[in-house]
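All values below come from the heavy atoms of this structure, side chains included, with hydrogens, waters and symmetry mates left out.
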Amino acid sequence: MRLPITWLFSLLAFAGCNPPNPFSEADWAYPGGTAGQTKYSSLDQINTSNVADLEVAWVFNSGVKSGNVQMNPLIVDGTVYITTPLQEVIALDGVTGAKIWRFNPAREGEQFGGINRGISFWRKKGEQDRIFFTSGGFLNAIYAANGLPVPEFGSQGRISLNENLVKPADMMGISSPGAPVIYGDLVIVGAMTWSSPANVSAFNVLTGDREWIFHTIPQPGEHGYETWGSQDFWKTGGGVNVWGGLSVDIENGMVYFSTGQPKDDFYRPDNEGEQLFGNSIVALHAETGKRAWHYQAIHHDLWDLDMPCAPILTTLRQDGKRVPGVVQLTKTGNVLLFNRLTGQLLSEVEERPVPASTLAGQYAFPTQPFVKWPEPFSKQVVTADDLTNISAEAHAYARERFNSVDAGWYIPPSTKGILYYGIHGGAEWGGGSYDPVDQVIYVNSNELAWRITMQDVNNEQPTVDKNEHGGRRLFLASGCASCHGADRQGLNGTPVLKNLAEKYTQKDVVDIIKKGKGAMPPFAHLPEDDVQLIAAYLLDMEVAGKEKEAVAAKPYYRSMGYNKFLDEQGYPATKPPWGTLNAIDLESGKIKWKVPLGEYPELTAKGIPLTGTENFGGSIATAGGLVFVGATRDERFRAFDKNTGEILWETKLPFGGFAVPSTYSAGGKQYVIIPATGGGKLGTMTGDAYVAFALPDRMLQK
């Protein structure tokens, strides 16, 4: 009889030992450093006394400057594994940075792009080491020694994440930017899609066969199905994505993840209910995929406040005793604490009433959870006292805009407009790092407000002709304006969609809409006629007949774009700091320290105290007393004293480091590495560098 692997782990735990770890403390062998996503290393060669002497050890340039790299490098046995914007995997010598091998997953006629946030390493005695990673809608398996595909895994080394689901594979639109995770002989993968319901699936590491699936939009008979007003959303809806990563409790046989909201982001008419498992942290039994427990942080999210990052496995205190814990950080700046085995909520939370929606057909859940303890690490409600003070002119401009909208706690989107924090965090996909010795979480945070204004795309377009291009109506109704702007001028670093006919044919544009490109996901669910009409609009092609006729319909609302609340100079219109690094004491629930993260040099030169900047990436903590983080608009990489928040070292990267760094030891020397490729949501220059730092040899010889 074959006993489940959880039985073996339970026996080992009872005996007072953990399952054997095939990796050493010199490695960074998991996404997030450990299976529990702690982003912590016990290495201490680099420490508070010598970090100021760090210097560049080596730089590797991939030659691919087509996108933003957000992956957390993996290091096993002195070999560094990285990815490129083309979803290639490259193995490098950890001491010299020299290339060992390079694998491109694209097959004939394919080209991959978009965000990849990590890869996973599988090691088992008697088997060849393997690497698992995603590219587009595929999960790939390659040998770690040479980068060659594992022929027995699926179809010559890859499987489709879109097969055997609720729609034909070419209409699912699933990709998986978060890193896969390993549990025994299973590789577990989340899903992101704008076209269809998402899921978490486990596949056999040897064959690629799907072993189990958890539907994040429950199907009939599954827990949570009754929380949806539309009983068909499980097959017609989309989202509840798992894009921030997963964590694994190997000893107890559990896997944890957090989810986003259903699609569309701000308006889902005639669909009442809590909408599980949207905006939730979910715990599954890793062997079977069966739900152990869940907690929903936002009911029926109408604000795009999806849970942004993988849960962090910790030790917490409950009734004076230490218990196995899990921490979930949120875009709203909250810290949610749980007993990770039972799901008991350890944070203090109360349900509070919230306003109803004013949009026709829209339902807003009547209450939302309010976290009373631990204290939040970012602002949560925009008030008049929050308006910028960097100049009298900026303050006056901000006040005028503030007075034109509604601001408050969970006010639903409206045609007047709402103002609130959190679309880019609070916490973001980089999450936090956890020091198990001091019981402290370190998390970089954004504190920018956003203005969301809704408009009826069918009957309330006063600025355009009712006989406008039919493709424009579809462009707005399909949510394209949320990223690219209603005027196609781009928002927050997204591409401008003007003069496309100089570069693309109609077929090119249709292919991009259907398949996605770069950070843009595929919109495979759109009907062919609609895609053709949107492409014609984007190419400024004339249309006639029924394609140009305005169609009267019931109100249907779309956001007219993700608009940051900025002053007339383009700086955030709230008081600094706009980006921070925070140390959160998990014992007291208090902020131990908070410091600005990032700098606008031109404001500093005017005598304005450090403001911090919007930031994307994450931190790592080390036994050397340090917290390393890049992430900032100013393209710098910094080391902070973990006890005080003092900057002990900083350097200018060749391009922005919008990724979680890693640390490892090779050849007797500790290194810290960060992808420095710029680009992304902050719109800085795009590059192709991966930079490793170490202490000079002279210091190691003392």
Side-chain angles (χ1 to χ4, degrees), residues 9-10 12-18 32-42 246-258 280-283 292-297 307 309-330 332-351 369-378 426-427 431-445 581-594 618-623 625 627 641-645:
F9 288 166
S10 297
L12 288 168
F14 183 80
C17 59
N18 292 324
T34 63
Q37 288 275 359
T38 59
K39 304 181 185 71
Y40 176 82
S41 172
S42 59
L246 306 94
S247 54
V248 180
D249 182 342
I250 297 174
E251 180 177 293
N252 292 295
M254 304 280 283
V255 60
Y256 304 85
F257 57 88
S258 60
S280 299
I281 176 174
V282 183
W293 58 265
H294 77 276
Y295 177 83
Q296 189 175 56
M307 303 285 264
C309 54
I312 305 170
L313 304 192
T314 65
T315 298
L316 298 174
R317 189 172 293 279
Q318 179 182 8
D319 299 327
K321 298 178 181 179
R322 292 192 176 276
V323 298
V326 60
V327 176
Q328 180 64 57
L329 303 172
T330 76
T332 55
N334 287 130
V335 182
L336 294 170
L337 309 177
F338 305 87
N339 181 316
R340 70 173 179 261
L341 300 185
T342 67
Q344 181 181 352
L345 179 65
L346 304 181
S347 297
E348 293 181 20
V349 180
E350 68 178 19
E351 290 281 334
F370 180 85
V371 180
K372 300 167 64 176
W373 179 92
E375 66 177 311
F377 55 85
S378 64
S433 52
Y434 166 65
D435 186 328
V437 178
D438 295 340
Q439 294 293 299
V440 173
I441 291 275
Y442 304 95
V443 57
N444 50 301
S445 175
L581 182 63
N582 304 268
I584 305 163
D585 188 322
L586 295 182
E587 295 283 351
S588 68
K590 299 291 186 181
I591 305 299
K592 183 177 178 180
W593 50 257
K594 175 191 288 282
S619 67
I620 63 172
T622 75
V627 179
D641 186 310
K642 74 171 187 178
N643 292 314
T644 66

Flag the pair Leu337 / Pro374 as yes when at least one side-chain heavy-atom distance between them is below 4.5 Å, and no otherwise.
-> yes

Would you say the side chain of Val349 lies within less than 4.5 Å of the side chain of Asn334, judging by non-hydrogen atoms?
-> no

Going from CG on Asn339 to CG on Leu316, what distance comes out if it is rounded to the nearest 0.5 angstrom?
-> 8.5 Å

How far apart are the closest heavy atoms of Arg317 and Gly320, and which atoms are they?
-> NH1-O, 3.0 Å

Beyond-backbone contact of Val335 with Leu329, side-chain heavy atoms, under 4.5 angstrom = yes

To the nearest 0.5 Å, how far apart are CH2 in Trp373 and OG in Ser347?
-> 6.5 Å

Between Met307 and Gln328, what is the shortest heavy-atom contact and its length?
-> CE-CG, 3.3 Å

Give, for atom CG of Leu313 and atom CE of Met254, the distance between the pair rounded to the nearest 0.5 Å.
-> 10.0 Å

So does Glu587 pair up with Lys592, basic N to acidic O under 4.0 Å?
-> no

Closest approach of Asp641 and Trp593, non-hydrogen atoms and distance?
-> O-CZ2, 3.7 Å

Quick one: are Glu351 and Pro369 in side-chain contact, heavy atoms under 4.5 Å?
-> yes

Less than 4.5 Å apart, any side-chain heavy atom of Thr342 and any of Trp293?
-> no

Determine the minimum heavy-atom distance between Val326 and Pro311, stating which atoms define it.
-> CG2-CB, 3.5 Å

Ile584/Ile591 under side chain to side chain contact (heavy atoms under 4.5 Å, CB included): CA gap, chis, key distance, verdict | CA-CA 5 Å; Ile584 305 163; Ile591 305 299; 3.8 Å; yes

Roughly how far, to the nearest 0.5 Å, is OH of Tyr434 from CD1 of Ile312?
-> 9.5 Å

So, the side chain of Ser42 versus the backbone of Ala623: is there a donor-acceptor pair under 3.5 Å, distance only?
-> no

Below 4.5 Å, heavy atoms only, C-beta onward: do Leu341 and Asp249 meet side chain to side chain?
-> yes

Side-chain donor or acceptor of Asn582 paired with backbone N/O of Val443 under 3.5 Å = yes

What heavy-atom pair brings Ser445 and Ala427 nearest, and what distance separates the two atoms?
-> OG-N, 4.5 Å

Enter the distance from Ser619:OG to Lys642:NZ here, rounded to the nearest 0.5 Å.
-> 12.5 Å

Roughly how far, to the nearest 0.5 Å, is the CZ atom of Phe377 from the OG1 atom of Thr330?
-> 5.5 Å

Of the non-hydrogen atoms in Ser247 and Gln37, which two are nearest, and what is the gap between them?
-> CB-CG, 3.8 Å

